[in-house]
2 protein chains.
Amino acid sequence: MAPKKAEELQFSIDPNSGVPFYKQIILQIEMAIADRRLKRGNQLPTVRSLAVDLKINPNTVAKAYNQLELRGIVSTQQGTGTFISDKEVEMDDVEREKILSQITRDFLSKASSYGFSIQEIIEHLNELQDRE
Amino acid sequence: MAPKKAEELQFSIDPNSGVPFYKQIILQIEMAIADRRLKRGNQLPTVRSLAVDLKINPNTVAKAYNQLELRGIVSTQQGTGTFISDKEVEMDDVEREKILSQITRDFLSKASSYGFSIQEIIEHLNELQDRE
DNA sequence: TGTATTGTACTATTGTTATAGTACAAACAA
DNA sequence: TTGTTTGTACTATAACAATAGTACAATACA
C-alpha cells in the first residue's frame with residue numbers, strides 16, 4: 001500500500017478546448033498513471049477540493065471519478081477518498097500487438113488529417129520521454 | 001484562381017475526443033491552409049459529400065463551413081460550392097505544438113489503458129517508419 | 001460519543017451538439 | 001428550358017454537459 005496523497009499533481013482545465021471537463025480530468029489522471037507520477041494506492045484529491053481548485057462543480061469531478069472506477073482504474077471508499085487501484089491488463093502477445101497496431105494506425109491517420117507527419121510524431125514522443 | 005478540387009485531403013472525425021465534430025472539421029481546414037495543403041481558390045468537399053464521407057449529418061458540415069465563412073476563411077457560392085479565400089490563417093509553431101500534444105495525449109492515455117508504455121509505442125512507430 | 005470529512009444521490013435548469021426531415025434558392029449543364 | 005448540384009433555412013427531437021442546490025451515508029478522528 002502507498003496511501004500517499006497525490007497533492008503534488010497539478011490539474012488544470014481548459015474551458016475553450018471543447019473537451020468536456022470530466023474528460024479532461026480523466027485524461028490527466030490516465031496520463032499521470034502512464035508516466036508513473038501516480039502509482040498504486042495514491043490518493044486523488046477529494047471531489048470537493050478538486051472542484052474548488054478547478055473552479056468547477058463537485059458533481060463534475062465525481063463524474064470523472066465514477067467513470068474511472070467503472071473501468072477499474074481507481075477505487076473509492078466513502079468517507080475516505082478515491083485511490084489509484086492496481087489494474088492489471090491481461091493479454092497474450094499476439095492480441096497485444098494487434099491492438100497496438102490498430103490504435104496506432106487510427107492515431108496516425110488522425111494526425112495526418114491535421115498535417116502531422118510520422119517523423120514529427122516520433123520526435124514529439126521522444127521529447128515527452130526525455131522530459132523525465 | 002485555382003478552382004482545383006481538394007479531394008486529396010483526408011478529413012477525419014474522432015467521436016471519442018469530446019471535441020465537437022464541427023470544430024474538428026474547422027481545425028483540420030485551418031491547419032491545411034496554414035501549411036499550404038489548401039490554397040486560395042481550392043474547393044472544399046460539398047457539405048453533402050463530406051457528410052457521407054465522415055458518416056455525419058450534412059448540417060454539421062454546413063455549420064463548420066458557416067463559421068469559417070463568418071471569419072472570412074472560405075467563401076461559398078450557392079450552387080457552386082465552398083472555396084478557400086485569401087485570408088491569412090495564422091498558425092504559429094506554439095499553436096501547432098499544442099494541437100499535436102493534445103492528440104498525442106489522447107492516444108497515449110488510450111494506449112496506456114491497454115498497458116502499453118511510451119517506450120513500446122515509440123519502438124512500434126520506429127518500425128513502421130523504417131518499413132518505408 | 002459527537003463532529004468533520006468523504007463520496008453518493010437526487011431534482012431542476014441551462015446551454016450545446018448532433019440528428020432527421022423538409023423545403024427553398026442560386027448556379028450550372030444538357 | 002429542364003434537371004442536377006450546390007448551399008441555406010427552418011422545425012423538432014434527443015442526448016450530453018455543466019451548474020446549483022439539497023440531502024444522505026459511510027468513514028475517520030478526537
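A note on names: the letters A, B, ... follow the listed sequences, proteins ahead of strands, and every chain is numbered from 1.
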> More 5' along DNA chain D: A:P58 or B:T82, using each one's nearest nucleotide?
Replying inline: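 Checking each residue's closest nucleotide, the 5'-ward one belongs to B:T82.
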> Which comes earlier along DNA chain D counting from the 5' end, the contact point of B:G81 or that of A:V19, where each point is its nearest nucleotide?
Replying inline: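 Nearest nucleotide further toward 5': that of B:G81.
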Any donor-acceptor N or O pair under 3.5 Å, side chains [X], [Y]:
X: B:Q10; Y: A:S113; value: no
X: B:S49; Y: B:T46; value: yes
X: B:S17; Y: B:Q24; value: yes
X: B:S101; Y: B:T104; value: no
X: B:D106; Y: B:Q102; value: no

Look at the side chain of [X] and decide which nucleotide, out of [options], has an atom nearest to it.
X: A:K23; options: D:dA17, C:dT19, C:dG7; value: D:dA17
X: B:N57; options: D:dT8, C:dG7, C:dT19; value: C:dT19
X: A:F21; options: C:dT8, C:dA18, D:dA18; value: D:dA18
X: A:T80; options: C:dG7, D:dT27, D:dG7; value: D:dT27

Whole angstrom value for the distance that separates [atom2] of [N] from [atom1] of [X]:
X: B:N16; N: C:dT17; atom1: CG; atom2: C1'; value: 15 Å
X: B:F83; N: D:dG7; atom1: CZ; atom2: P; value: 8 Å
X: B:L50; N: D:dT5; atom1: CG; atom2: P; value: 18 Å
X: A:E69; N: C:dT6; atom1: CD; atom2: P; value: 17 Å
X: B:L70; N: D:dG7; atom1: CG; atom2: P; value: 16 Å
X: B:Y65; N: D:dA9; atom1: OH; atom2: P; value: 17 Å
X: A:Q67; N: C:dG7; atom1: CD; atom2: P; value: 17 Å
X: B:D14; N: C:dA18; atom1: CG; atom2: C1'; value: 16 Å

Look for any protein N or O under 3.5 Å of an N or O in nucleotides 13-16 of chain D and output each such pair with its distance, or none.
none

> With distance as the sole test, does A:T60 use its side chain to make a donor-acceptor pair with the main-chain N or O of A:Y22 at under 3.5 Å?
Replying inline: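 No; judged by distance alone, with no hydrogens or angles, the pair does not exist.
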Are [X] and [N] close enough that a side-chain N or O sits under 4.0 Å from OP1 or OP2?
X: A:N66; N: C:dT8; result: yes
X: B:T60; N: C:dT19; result: yes
X: A:T76; N: C:dT8; result: yes

>> Under 4.0 Å, counting only non-hydrogen atoms across every strand here, what does A:Q24 touch: a base, just sugar-phosphate, or nothing?
In response: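 Nothing: the residue A:Q24, judged by heavy atoms under 4.0 Å, touches no strand.
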>> Could you check whether A:E30 pairs with A:R71 (Lys NZ or Arg NE/NH1/NH2 to Asp/Glu carboxylate O, under 4.0 Å)?
In response: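 Yes, this pair counts.
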> B:M31 pairs by side-chain contact (heavy atoms from CB on, under 4.5 Å) with which of B:V89, B:I99, B:I26?
Replying inline: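 Exactly one candidate clears the test, B:I99.
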> Taking B:V74 as the fixed residue, which of B:K87, B:E69, B:Q67 is the one that meets the side-chain contact (heavy atoms from CB on, under 4.5 Å) rule?
Replying inline: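 So, applying the side-chain contact (heavy atoms from CB on, under 4.5 Å) to B:V74 and each of B:K87, B:E69, B:Q67, only B:E69 qualifies.
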>> Test side chain to side chain contact (heavy atoms under 4.5 Å, CB included) on A:F116 and B:R96; report intermediate values, then the result.
In response: CA-CA 9 Å; A:F116 296 111; B:R96 210 164 169 275; 3.7 Å; yes
Grab the N/O contacts between the protein and nucleotides 22-25 of chain C below 3.5 Å, and write none if there aren't any.
from, atom 1, to, atom 2, distance (Å)
C:dA25, N3, B:Q78, NE2, 2.3

